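Let me begin by presenting the structure, written as structure tokens, before commenting on it.
These numbers come from a predicted model, not from an experiment.
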Amino acid sequence: MKTDRSNSSLTKLPSLHKEATSRKVGNPKKLCILTAIKPCNVETERHTFFKLDFNYNPQFEYSSPVSSVVLARYNKPSDCFLTQAVHIMELVLERYGSYERFEQATGGPLLSKSQISNNVRKYMEKEGCMGEIVVQLTDDLLSGASMTVVSSRPTLTINISSTREHWLEGLLRHEISTHYFRGVNNSHQPWNNRWGRKRFQLKPLNPTEEGLASIHSVLFREDPTVWRPALLYYTVYQASRMSFAQLFQNLGRFVQDPSTRWGYCVRAKRGQTDTAEPGCFSKDQVYLNGILKILRYRDKINFPLLMALGKVSFEDVDRLKPMAKMDNIRIPHYMQDQQKYAEQLTNIMAVNQLTDEELKTII
């Protein structure tokens with residue numbers, strides 16, 4: 001298995017979200033849905049929400065509104081893993097007293113722009129991808145980071161308002177070593193476009209893609225509790241049953257800080273105009289969904305091969321192996337020692353109090 005990291009491996013851009021830097025009016029298809037459903041008046045509505053003591057349901061506006069037909073595809077949350085999500089969050093409260101203490105104890109201090117830049121550079125040197133990715137730092141992002149293609153360049157955008165010392169490397173394992181590397185590897189495979197995926201009858205890449213990335217986020221943390229995927233899963237489900245203001249109050253059980261709660265509520269309610277209505281954007285459930293499914297089958301999954309084959313589901317790996325192109329593929333440095341990798345997965349199971357018996361029952 002070659003892991004050549006020369007530029008020859010970048011003959012095609014990896015398959016990532018494309019963010020339109022310019023678009024024609026009346027052609028919303030050019031806009032990534034995650035960009036289209038981001039409200040353009042978030043700060044104004046945030047100010048009103050806080051001014052009215054959280055007793056207000058924001059009225060969101062959108063530069064390029066997504067059709068109700070498209071939004072309806074993402075308005076059907078699951079409660080399949082709700083019990084596990086709540087238990088994971090309750091563990092944090094038992095161990096630390098509050099999410100805020102958990103954040104301080106395990107995440108460490110927030111980093112400055114220069115500290116983030118230096119750490120990102122060192123990480124890319126370690127992974128052999130210096131010069132391939134544009135890095136942008138912002139405080140205008142609903143998530144901790146995102147890997148997209150902007151103006152034909154792979155672009156990593158990092159939210160400086162939430163980047164903590166001990167969590168940054170996990171963020172880079174998530175965005176660079178998982179999303180970006182799987183995108184690069186995918187570009188070499190015969191299923192690297194929609195026709196190829198149809199021809200080989202590939203399953204959807206999610207929940208495997210985000211599940212694997214989320215596992216890599218916590219892989220070497222001292223406390224690899226999957227709090228964020230659990231809270232996102234829970235928040236989406238509750239948003240489908242509540243107004244924005246009700247959801248905000250409900251999350252107070254797990255998150256004290258109003259600004260943090262606001263961010264989770266916006267993520268779950270994005271796409272809606274009148275947030276007084278029950279409704280959600282359900283994509284955020286994919287993280288915990290993917291984590292649990294991968295952990296359920298962790299002893300059967302060939303993880304380096306799952307990386308090498310690109311944007312595929314773990315369920316397709318064995319079937320696709322004979323057709324795979326294995327030259328110039330990228331395998332993250334932390335996957336080289338498979339025994340250590342397997343031990344870390346077992347540790348994630350233990351810390352989150354998940355058992356094989358439980359996962360076999362629900363999956």
Leu309 to Gln189 - nearest heavy-atom pair and separation: O-CG, 3.5 Å
Kindly give the heavy-atom pair with the smallest separation between Pro332 and Met307, and that separation in Å. CD-CE, 3.7 Å
Using modelled atom types and a 3.5 Å cut-off, is there a donor and acceptor pairing between side-chain atoms of Tyr237 and backbone atoms of Leu82? no
Please tell me whether Arg228 and Tyr264 have a donor and an acceptor in their side chains that are separated by less than 3.5 angstrom. yes
Stepwise side chain to side chain donor-acceptor pair (under 3.5 Å) check, Asn185 with Arg182: CA-CA 5 Å; Asn185 293 341; Arg182 271 169 56 93; over 6 Å; no
Quick check on the hydrophobic clustering: are Tyr180 and Met130 connected, directly or via other members, by side-chain heavy-atom contacts under 4.5 Å? yes
Hey, can you tell me if Phe244 and Phe49 have their rings parallel, tilted or perpendicular (30° and 60° cut-offs)? perpendicular
Heavy atoms only: give me the nearest Trp167-Phe102 pair and the separation to one decimal. CZ2-CE2, 4.1 Å
If you round to the nearest 0.5 Å, how far is CG of Leu171 from OG of Ser162? 8.0 Å
Any idea how His174 and His179 line up, ring-wise: parallel (<30°), tilted (30 to 60°), or perpendicular (>60°)? perpendicular
Any side-chain to backbone donor/acceptor pair from Asn192 onto His188? Under 3.5 Å, distance only. no
Can you list the steps and then say if Glu127 with Ser177 is a side chain to side chain donor-acceptor pair (under 3.5 Å)? CA-CA 8 Å; Glu127 286 288 34; Ser177 302; 2.6 Å; yes
Is there a path of hydrophobic side-chain contacts, each under 4.5 Å between heavy atoms of I/L/V/M/F/W/Y residues, joining Val236 to Tyr233? no
Could you go through the side chain to side chain donor-acceptor pair (under 3.5 Å) check for Gln104 and Arg101 one step at a time? CA-CA 5 Å; Gln104 285 291 336; Arg101 289 179 187 166; over 6 Å; no
Taking the six-membered ring for Trp, are Tyr334 and Phe220 parallel (under 30°), tilted (30 to 60°) or perpendicular (over 60°)? perpendicular
Hey, mind stepping through Asp316 and Arg197 against salt bridge (charged side-chain N to carboxylate O under 4.0 Å, His left out) and telling me if it holds? CA-CA 11 Å; Asp316 283 335; Arg197 296 187 72 85; over 6 Å; no
Go through it in stages, so that I can follow the logic: the residues are Arg221 and Glu169, the test is salt bridge (charged side-chain N to carboxylate O under 4.0 Å, His left out), and I'd like the CA-CA distance, side-chain angles, deciding distance and then a yes or no. CA-CA 9 Å; Arg221 283 188 191 171; Glu169 183 156 343; over 6 Å; no
As a test of understanding, state which of Leu137, Thr138, Val135, Asp140 forms a side chain to side chain contact (heavy atoms under 4.5 Å, CB included) with Thr157. Thr138
Inspect the surroundings of CZ in Arg199 and state if more than 12 heavy atoms from other residues, nucleotides or ligands are less than 6.0 Å away. no
Between Tyr56 and His47, is the gap from one ring center to the other below 6.0 Å? no
Just checking, is any N or O donor in the side chain of Ser282 or Gln285 under 3.5 Å from an acceptor N or O on the other one? no
Using the ring of Phe181 (Phe, Tyr or Trp, six-membered ring only), decide whether Arg330 places NZ or CZ under 6.0 Å from its centre and within 45 degrees of its axis. yes
Report the C-alpha distance between Ser259 and Arg46 in whole Å, list the side-chain angles of each, state the deciding distance to 0.1 Å, and finish with yes or no for side chain to side chain donor-acceptor pair (under 3.5 Å). CA-CA 9 Å; Ser259 294; Arg46 183 183 190 279; 2.7 Å; yes
